[in-house]
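Treat the numbers as computed from the prediction; the structure is a model and nothing was measured.
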Amino acid sequence: APFEKTPRDNNYLFKASNRRISDNNVTIISKGASLRELIPDYLAPYLAKQPGLTDTDWLNTVMKPAPISQTSLNVTGGSDKSKYAFTMSYFNQKGLVIGTDYEKFSTSINLSTELTDKWKVGVTMTPSYATGTINAAENSRSYNPLQMATAMYPFFKPYNDDGSLAISQQILGNTATDGALVENPVAVQEMTNRKYTLFKTFGNIFTELELLKGLKYRLSVGGDYSNYEYNFFDPSTVGAYRAAAPDVTFANRTEYIRKNYLIENLLSFDRKWGNHRIDAIGGQSFQQEDNTQLLTEATGFPDNSIRN
């Protein structure tokens with residue numbers, strides 16, 4: 001409390017000789033002081049050193065232990081002619097900051113077989129699906145919980161006595177004195193939707209045929225596909241920087257699709273006669289990539305039940 005009061009006192013006393021440290025807010029205003037020279041009412045019990053007052057460690061509140069777990073299953077086998085390998089994995093990581101968890105499901109399939117002594121085929125597939133929640137903005141006093149926590153005062157708490165989220169208490173408490181007008185970061189993280197999904201897969205199919213002794217032809221067809229979706233929704237029931245709840249509802253959605261194709265034809269020759277050897281390779285390839293991105297934004301929803 002003294003840390004909050006002293007700069008306001010110093011700023012107030014420095015500007016005019018008729019100002020006194022004992023002036024109350026009514027007198028301070030009458031002497032032409034700015035809002036940032038007023039003393040917030042909520043500081044009074046702290047300056048009086050009353051026991052049992054709120055003392056919130058906001059950085060500790062928005063951060064948490066972040067365990068990581070991973071489970072994998074591997075199966076391999078085959079024969080002289082055929083081989084297979086299958087891997088399935090699940091990864092889960094809890095974020096250091098509340099509301100930033102991540103999980104991923106992935107598999108890998110590898111198959112190859114010799115249909116005849118001169119003909120081989122194979123396939124590889126590596127699909128994965130990830131989902132998580134991320135901060136809506138890296139540098140924002142409205143959405144970045146770490147940045148918001150550094151601007152929150154310990155005189156306010158994240159939850160009310162009944163267990164409900166404390167909404168806009170610091171904004172309302174500081175409006176009259178132009179203090180840090182930041183929303184409760186716990187409420188922002190719990191009430192906003194910041195979820196993304198990412199599906200990726202890579203696949204390759206090949207066939208290899210020995211046309212003549214030492215002469216082989218190989219056809220390979222591969223593809224790389226990514227589909228990313230991010231949905232953000234900020235309801236009117238939680239505030240933002242310098243805006244107490246209820247405020248304007250805001251939502252956006254980002255979609256990104258990437259497609260990459262690769263076709264390769266290779267002809268190789270490797271033959272040895274006595275002390276002589278011929279080793280040659282020739283090929284042709286075709287590759288194409290398509291990218292599509294769509295960003296949609298909306299605001300002023302009639303109520304919070306209509307979400308993206």
Side-chain angles (χ1 to χ4, degrees), residues 1 3-8 11 25 33-43 46 54-64 95-101 132-160 164-196 230-254 295-308:
F3 180 80
E4 173 68 17
K5 181 177 182 298
T6 300
R8 290 176 176 264
N11 194 37
N25 280 349
S34 67
L35 293 180
R36 291 194 174 183
E37 293 166 10
L38 298 173
I39 307 302
D41 293 336
Y42 58 77
L43 290 183
Y46 291 90
T54 299
D55 186 14
T56 302
D57 183 341
W58 282 101
L59 281 175
N60 185 62
T61 299
V62 301
M63 300 186 73
K64 62 176 182 177
L96 284 169
V97 178
I98 58 174
T100 57
D101 299 337
T133 49
I134 57 177
N135 293 333
E138 293 297 324
N139 185 23
S140 169
R141 292 185 179 180
S142 291
Y143 300 118
N144 187 310
L146 288 177
Q147 187 169 347
M148 295 164 68
T150 60
M152 290 296 294
Y153 296 166
F155 321 116
F156 301 95
K157 51 189 177 181
Y159 297 95
N160 297 314
S164 61
L165 288 164
I167 306 297
S168 301
Q169 288 190 353
Q170 180 165 307
I171 298 175
L172 296 173
N174 281 338
T175 298
T177 57
D178 199 20
L181 306 178
V182 180
E183 181 59 280
N184 173 5
V186 177
V188 171
Q189 292 297 90
E190 291 193 16
M191 297 178 67
T192 58
N193 176 40
R194 296 158 288 103
K195 186 174 182 179
Y196 75 90
Y230 173 68
N231 289 286
F232 173 75
F233 182 80
D234 179 2
S236 62
T237 48
V238 66
Y241 181 59
R242 304 188 74 87
D247 63 355
V248 178
T249 305
F250 176 76
N252 68 39
R253 175 184 175 89
T254 301
L295 173 63
T296 307
E297 294 187 350
T299 188
F301 288 48
D303 61 55
N304 295 310
S305 62
I306 303 176
R307 300 195 173 207
N308 56 334

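- Among residues two or more places apart in sequence or in another chain, the side chain to side chain contact (heavy atoms under 4.5 Å, CB included) test is passed with Asp57 by Leu59, Asn60.
- The closest side-chain heavy-atom distance from Met63 to Leu146 is below 4.5 Å.
- Rounded to the nearest 0.5 Å, atoms CD1 (Ile134) and CZ (Arg194) are 8.5 Å apart.
- No side-chain heavy atom of Thr254 sits under 4.5 Å from any side-chain heavy atom of Phe232.
- Atom CZ of Phe3 and atom CG of Leu43 lie 12.5 Å apart (nearest 0.5 Å).
- Between Trp58 and Pro158, some side-chain heavy-atom pair lies under the 4.5 Å cut-off.
- Between Asn184 and Met152, the shortest heavy-atom contact is CA-CE, 4.1 Å.
- For the pair Ser164 (side chain) and Asn160 (backbone), a donor-acceptor distance under 3.5 Å is absent.
- For the residue pair Pro185 and Val62, the shortest heavy atom distance occurs at CG-CG1, 3.8 Å.
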Distance-only donor-acceptor hits, side chain of residues 174-182, under 3.5 Å, sequence neighbours excluded:
residue: Asn174; atom: OD1; partner: Tyr42; partner atom: OH; Å: 2.4
residue: Asn174; atom: ND2; partner: Ala180; partner atom: O; Å: 3.1
residue: Thr175; atom: OG1; partner: Ile171; partner atom: O; Å: 2.5
residue: Asp178; atom: OD1; partner: Arg242; partner atom: NH2; Å: 3.3
residue: Asp178; atom: OD2; partner: Arg36; partner atom: NE; Å: 3.0

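- Pairs passing the salt bridge (Lys or Arg N to Asp or Glu O under 4.0 Å) check and including a residue from residues 230-241, sequence neighbours excluded, do not occur.
- Ring orientation note: the planes of Tyr153 and Phe155 are nearly perpendicular, at an angle over 60° on the 30°/60° scale.
- Residues that satisfy the side chain to side chain donor-acceptor pair (under 3.5 Å) test with Asp303, not counting sequence neighbours, are Ser305.
- Contacts of Lys195 classified as salt bridge (Lys or Arg N to Asp or Glu O under 4.0 Å), with partners at least two apart in sequence or in another chain: none.
- Contact detail for Leu35 and Arg8: the closest heavy-atom pair is O-NH1, 3.3 Å.
- A donor-acceptor pair under 3.5 Å links the side-chain atoms of Gln189 to the main chain of Ile98, judged by distance alone.
- Looking only at distances, no side-chain donor or acceptor of Asn252 sits under 3.5 Å from a matching main-chain atom of Leu295.
- Rounding to the nearest 0.5 Å places OG of Ser142 at 9.5 Å from CD of Glu183.
- Side chain of Ser236 to backbone of Pro246: no donor-acceptor contact under 3.5 angstrom is found.
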(message) Could you go through Val188 and Tyr143, starting from their C-alpha distance and side-chain angles, then the distance that decides it, and tell me whether this counts as side chain to side chain contact (heavy atoms under 4.5 Å, CB included)?
(response) CA-CA 7 Å; Val188 171; Tyr143 300 118; 4.2 Å; yes
(request) Report the C-alpha distance between Thr54 and Tyr46 in whole Å, list the side-chain angles of each, state the deciding distance to 0.1 Å, and finish with yes or no for side chain to side chain contact (heavy atoms under 4.5 Å, CB included). (result) CA-CA 9 Å; Thr54 299; Tyr46 291 90; 3.6 Å; yes
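- Rounded to the nearest 0.5 angstrom, Leu96 CG and Asp101 CG are separated by 10.5 Å.
- Closest non-hydrogen pair, Ala166 versus Ala187, comes out as O-CB, 4.4 Å.
- Taken to the nearest 0.5 Å, the OG1 atom of Thr299 stands 9.0 Å off from the CG atom of Asp247.
- Every residue was checked against the ring-ring contact (aromatic ring centres under 6.0 Å, His included) condition with Tyr159, not counting sequence neighbours, and none meets it.
- Around atom CG of Asp41, no more than 12 heavy atoms belonging to other residues, nucleotides or ligands sit under 6.0 Å away.
- In this structure, Asn193 and Asn231 have side chains that are in contact, with non-hydrogen atoms separated by less than 4.5 Å.
- Gln170 CD to Met148 CE: the interatomic distance, rounded to the nearest 0.5 Å, is 9.5 Å.
- You'll find the side chain of Leu165 reaches within 4.5 Å of the side chain of Met191, heavy atoms only.
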